[in-house]
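Contents: one structure, followed by commentary.
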Amino acid sequence: MSALRLDSVSISFGPLHAVEDLSIQLQPGEVYALLGPNGAGKTTTLNMILGFLRPERGSITVAGVDALTDPLGARARIGYLPETVMLHPTLSAIENLTYFALLAGRKIDVTTARKLLGEAGLQSDAHERHSGSFSKGMRQKVGVAIALAKEANLLLLDEPTSGLDASAANDLSNVIRAASSRGIAVLMATHDLFRVKDVAHRLGILRSGKLVDERDAATLDPVALEQLYLQRLAS
Ligand SMILES: Nc1ncnc2c1ncn2[C@@H]1O[C@H](COP(=O)(O)OP(=O)(O)O)[C@@H](O)[C@H]1O
Ligand SMILES: [Mg+2]
C-alpha cells in the first residue's frame with residue numbers, strides 16, 4: 001500500500017490554477033523532494049494532503065485512508081512540520097512531546113519520550129529545557145519525535161532547511177534518513193536544491209502548479225540537478 005497517493009489533484013484560487021492535475025505516489029520509507037520556486041503550489045499541495053484545503057478534482061489517500069472523506073483519519077497518519085514548528089514555549093521538550101502525542105491519542109511515559117527525542121536527534125541536555133529557547137532545528141526534532149510517537153506513516157516537511165545552519169541541516173538529513181529507515185515516507189517541499197540530493201530518493205519539479213519532471217535522485221549529481229531545475233523552470 002502506498003504511504004501517499006495523489007491522483008490528478010487540482011485546485012484553483014479564483015482564476016489561478018494553483019495545482020493542476022498533480023499525481024504523486026510515495027512508497028513506505030520513500031523520501032520525495034517536491035521542488036519548485038515560490039508560488040509553485042508546494043504548500044497548497046501539503047495543505048490538501050492535510051485536509052486544510054479541499055481539491056476541486058482528484059483523490060488523495062494517506063496509507064490507504066481517503067483524505068477527502070476522512071481527513072481526521074488521514075491526518076492521524078501524518079507528522080507535519082510546517083516552516084515554523086509551533087511548540088508550547090513554557091513546556092519542556094518532553095512535556096511538548098507527551099502533550100502532542102496525547103492529542104494524537106498516544107499516551108507515552110517519560111522514558112519513551114526521552115527515547116523518541118533521542119531518535120529524533122535532540123541532545124539529551126535539551127530534553128528538560130523550555131522549548132521557548134529552541135532553535136528551528138531543535139523544534140523540528142521535537143516535531144519529528146511527535147511523528148514517531150504517533151507512528152505516522154507519512155512525514156510532511158515544508159521548507160525544512162530554510163533558516164538552518166549547515167550543521168542543523170546536516171542533522172535534519174540524518175533525522176529524515178532515520179524516519180525513512182523506520183518505514184515512514186517523507187515528502188519535503190522546498191525551493192532549496194542544496195542537500196536535496198543528500199536525502200531524497202525521488203524528486204519532482206513543480207512549476208505553476210504542474211509537475212514538469214520527476215526522477216530518481218540517484219540519476220543526478222548536484223550540478224545536473226541544478227541544470228535540470230533551471231531548464232524545467234525556464235522552458
Ligand atoms: N488561500 C489562498 N488564496 C489565494 N491564493 C492562494 C492561496 N494560497 C496560495 N495561493 C496562491 O497559490 C499559489 C501557490 O502558492 P503556494 O502553494 O503557497 O506556493 P509555494 O508553497 O510553492 O511557494 C501562489 O500563487 C499563491 O499566491
Ligand atoms: Mg510554500
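In listed order, ligands and their atoms are each counted from 1. Note that this is a predicted model, so its numbers are computed, not measured.
Contacts of Asn47 with ligand 1, taken as heavy-atom pairs under 4.0 Å, are absent altogether.
More than 12 heavy atoms of other residues, nucleotides or ligands sit less than 6.0 Å from atom CD of Gln123. Heavy-atom contacts from other residues, nucleotides or ligands closer than 6.0 Å to NZ of Lys197 number more than 12.
Within the 2.8 Å limit, Asn38 places no N, O or S atom next to the Mg ion (ligand 2).
Atom 18 (O) of ligand 1 has Thr43 CB, 3.8 Å as its closest protein atom, hydrogens excluded (heavy atom only). The protein heavy-atom contact nearest to atom 23 (O) of ligand 1 is Gly39 N, 2.7 Å.
Using a 4.0 Å threshold on non-hydrogen atoms, atom 27 (O) of ligand 1 does not count as touching the protein.
Under a 4.0 Å criterion applied to the non-hydrogen atoms of Ala40, ligand 1 contributes the atoms 19 (O), 20 (P), 22 (O). Within ligand 1, counting atoms from 1 as listed, the ones closer than 4.0 Å to a heavy atom of Leu16 are 11 (C), 12 (O), 13 (C), 25 (O). Using a 4.0 Å cut-off to heavy atoms of Ala18, the atoms of ligand 1 that qualify are 12 (O). Of all the atoms in ligand 1, the ones that sit under 4.0 Å from a non-hydrogen atom of Pro37 are 22 (O).
Salt-bridge check for Glu151 with Arg106: passed, with a basic side-chain N closer than 4.0 Å to an acidic carboxylate O. The pair Asp21-Arg57 does not meet the salt-bridge criterion, since no charged nitrogen lies less than 4.0 angstrom from a carboxylate oxygen.
The aromatic ring centroids of His88 and Tyr99 lie less than 6.0 Å from each other.
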>> Is there a salt bridge (charged side-chain N to carboxylate O under 4.0 Å, His left out) between Lys42 and Asp158? Walk through the geometry before answering.
In response: CA-CA 8 Å; Lys42 303 180 299 294; Asp158 200 357; over 6 Å; no
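Not a single heavy atom of Ala189 lies less than 4.0 angstrom from ligand 1. Heavy atoms of Gly41 come nearer than 4.0 angstrom to ligand 1 in at least one pair.
For a threshold of 3.5 Å applied to N or O pairs, the pair formed by Phe13 and ligand 1 contains no separation below that value.
Residue Thr44 holds the heavy atom nearest to atom 17 (O) of ligand 1 of all those in Thr45, Asn38, Leu34, Thr44.
Inspection of the Thr61 and Asp66 side chains reveals no N or O donor paired with an N or O acceptor under 3.5 Å.
To the nearest 0.5 Å, the span separating OH on Tyr229 from CG on Leu203 amounts to 11.0 Å.
When all heavy atoms of Ala67 and Val62 are compared, the pair lying nearest together is CB-CG2, 4.5 Å.
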